Amino acid sequence: RVSAADAVPAYCTAYGRGLRKQWYTGREARFVLTARDKFANKLTTGGSEVVFKYTTLIGSPAERTFDGVVVDNGNGTYSCTYTPQEVGACRLQLTMCQLDPATNEKTEVHVSDSPFVLDLTSNLMSPAHCTVTGPGAGAGQVQAAAVTRFIIEARDKLGNALGGGGDEFTVLITGPRGITETYTINDMDDGSYLVSYTPRRSGDYSIEIRGRPNPEFATKGKVPELERVGPPGAAGVIKLFVLAGPTAASRSTVSGGAVFKESVSRDPSTFTITASDLYGNRRHKGGDEWVVSMRAAWDVPVEVEDHDDGTYTCVFTAGNEPEYTGCTIYMVSVMLDGQHVVGSPFAHKVKPLPTAAGKTGVIGFNPLVTAMEPCEFLVQARDEAGRDCLTGMDDMAVSFEGTQGTRDDWASVLMDIKDLKNGTYLVRMVSERKSFFRIRMGITMDGADIAGSPLDVTVVPPGLFNVGFWGQSETRLMDERTATEEFVLHGLGLETAIAGEHAEFDILSKRMGEDTPGDAFRLELRGPEFVEGVIGPPEAPREGGLYSASYCCTLAGLYVGTVKLGRWVISGQPFQLEVKPDATAPERCRVEGAGATLGSAGAQTKFSIATYDMHGNFCYHDEDMFHVVMKGGGRMGKQKKFRAVEVTASVIDLSNGTYSVTYTPPLEGNFLVSIEHSISKNGPWVAVAGSPFACTVKPGDKKPRPAV
């Protein structure tokens, strides 16, 4: 068993409220001394001689020293008490008596941290005289989402700063729309209290602080009420304005049709970034370094303009790139400090303006042609803005009629038009009869004449005029027949497509360093109609030897497709695909049967509805619904009073693209039969072609017919 050693003053420690930096006159103060040996181990027995003295009014002529009370608790601790009576600085001396071996005399040695100095005051903390300082109380700029602080300095009723802690304070921080913020308060034990909070909203804030003295000093055990810190009335409420915090990409937003809607190629498009902080507060200052990119398989430059009000305008012009071959999906990324804004990256479609027949014209046309010599010229497709189109796939057709000559002359003319897949179309014509005659050539786009059409052409016998010219010769870049074994087709567009929509598939070269131009390929589909597709890029493949093939069929049905390189078919051909009808178009639906326009009173009347898409394809879709209502009336009874009638017909889906409609007119008269289509019970409902139908209801049989 190890016994306790003698107490060593340097290792003995004292603690308790009586040692705080501030105390009050006339109130008993207490603290405890713990005796320890030279190893700082706590002693478990008493017996040490402890001397406790305190001196008031130190540094003044009236300085006086008093003996404190020390009680040996017999367990190694000593309870010390004293009751100071004079206001001012006070020094506490705590010593232990030790025997000097050399002189055999007792000496007093200070314990750890002795002497202690504290301030004696005669008054408790007065909330009305306390002060508040710091940026969090309106003395500086405050930002949302950032930790903000201020200090409460405790003072007595004479305005004297208190040197100790223990007083109680509460804080009410109210922001915009009545929100309250949480806070923490730390007693610094020197008469000051550090308050910390993080405002979540930008705008006007109010701070109300209440406090009361240390409850230990309550008179007769009655704890005083919390009182407002500072002057009375509204002046005691601190007002401040909180600015939005630093921009947080995760709470910032993007707006504008240039992102959320389609944009037109080669037209400048804009969208706006609105900066917000971490709590969604709108910022009203600029300076953020936004990184905005727009990319398909290539990059499109985006300019960002800082308006210095928390908004940024982004401008881009897509469709001028040499890689652009038509409707393309771009990914738009908006980032700040490596973080995306809400919804980024965005998928954005850039499509060319529709081609306009009235803007499309011919290039290199000569009205004089020599018989037996092929001639050709170009048709340049242009969009609604009059700009040259860069891709093909337009519905171009060429035809002619004779205006002078014989039928045999006109029948000798061969003419066609070829899509060059770059916005131009090659028109070729040759006359196989050596005669002089005239024809009128019509060139149409989507059934409408292009600018300058029809064109008058005069055909003259050879040698009469030198007006013929030959087409350009083709230059083959490689052995086409061998190259057809080096390509693989892949994609959904090889199996299925929707009428009127562009379908795509990929052509991948197996060769390293592939440089065959896309123009060298030809995509043909034969079925309900003949369709030529587009293969690009026209100059060379994309990285990795990848080509994109696209086509658009308007008639539904089965097609057989081939991809050729020159005159050779690529291996694995032909392929078969199905073009399915587009969505039901109410304006193309047909009403069949006389029941929509004629009926008999009291007799069941029927007719049917057949569904078609916008391209005229017979179709069937599960989601189609029809609503049929008959409204009108007639005169009945002896007095021939008019009676209004509304009858809702029964519509049965036959699951084959037709719908059986049945209704029973209650009386003779004139009615309107309204037929509407929708794909949802909530609408919208759209009338079919011809609706409403005028329906005449004739009188029915007055007596039942005998059974046959």
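All values reported here derive from a predicted model rather than from experimental measurement.
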Heavy-atom count check: over 12 atoms from other residues, nucleotides or ligands less than 6.0 Å from [X] [atom1]?
X      : atom1 : answer
Glu289 : CD    : no
Met415 : CE    : yes
Glu501 : CD    : yes
Leu672 : CG    : yes
His621 : NE2   : yes
Gln339 : CD    : no
Asp337 : CG    : no

Under 4.0 Å between a Lys/Arg side-chain N and an Asp/Glu carboxylate O for [X] and [Y]?
X      : Y      : answer
Arg511 : Glu486 : no
Asp267 : Arg387 : yes
Lys359 : Glu384 : no

Decide whether [X] and [Y] meet the rule of one side-chain donor and one side-chain acceptor closer than 3.5 Å.
X      : Y      : answer
Trp298 : Glu321 : yes
Thr584 : Asp624 : yes
Tyr312 : Asp288 : yes
Glu514 : Ser509 : yes

| Do the two ring centres, one from Tyr559 and one from Tyr551, sit under 6.0 Å apart? | no
| field | Aromatic ring proximity Tyr330/Phe316, centre distance under 6.0 Å | value | no
| To the nearest 0.5 Å, what is the distance between OG1 (Thr424) and CD (Gln380)? | 6.0 Å
| field | Given Asp388, Thr360, Thr355, the one that forms side-chain hydrogen bond (donor to acceptor under 3.5 Å, both in side chains) with Arg382 | value | Asp388
| Could you go step by step and tell me if Tyr547 and Asp506 meet the side-chain hydrogen bond (donor to acceptor under 3.5 Å, both in side chains) rule? | CA-CA 6 Å; Tyr547 301 84; Asp506 296 330; over 6 Å; no
| query | Do Val457 and Phe437 pass the side-chain contact (heavy atoms from CB on, under 4.5 Å) test, and can you show the C-alpha distance, the side-chain angles, and the key distance before you say yes or no? | reply | CA-CA 9 Å; Val457 180; Phe437 59 94; over 6 Å; no
| request: Compare all side-chain heavy atoms of Pro586 with those of Trp685 and state whether any distance is below 4.5 angstrom. | output: no
| request: May I have the step-by-step check of ring-ring contact (aromatic ring centres under 6.0 Å, His included) for His677 and Tyr659, ending in yes or no? | output: CA-CA 12 Å; His677 168 271; Tyr659 295 77; 8.4 Å; no
| field | Met393 vs Cys552, side-chain contact (heavy atoms from CB on, under 4.5 Å): CA-CA, chis, key distance, verdict | value | CA-CA 8 Å; Met393 299 289 289; Cys552 180; 4.0 Å; yes
| Of the non-hydrogen atoms in Val334 and Trp290, which two are nearest, and what is the gap between them? | CG1-CE3, 3.9 Å
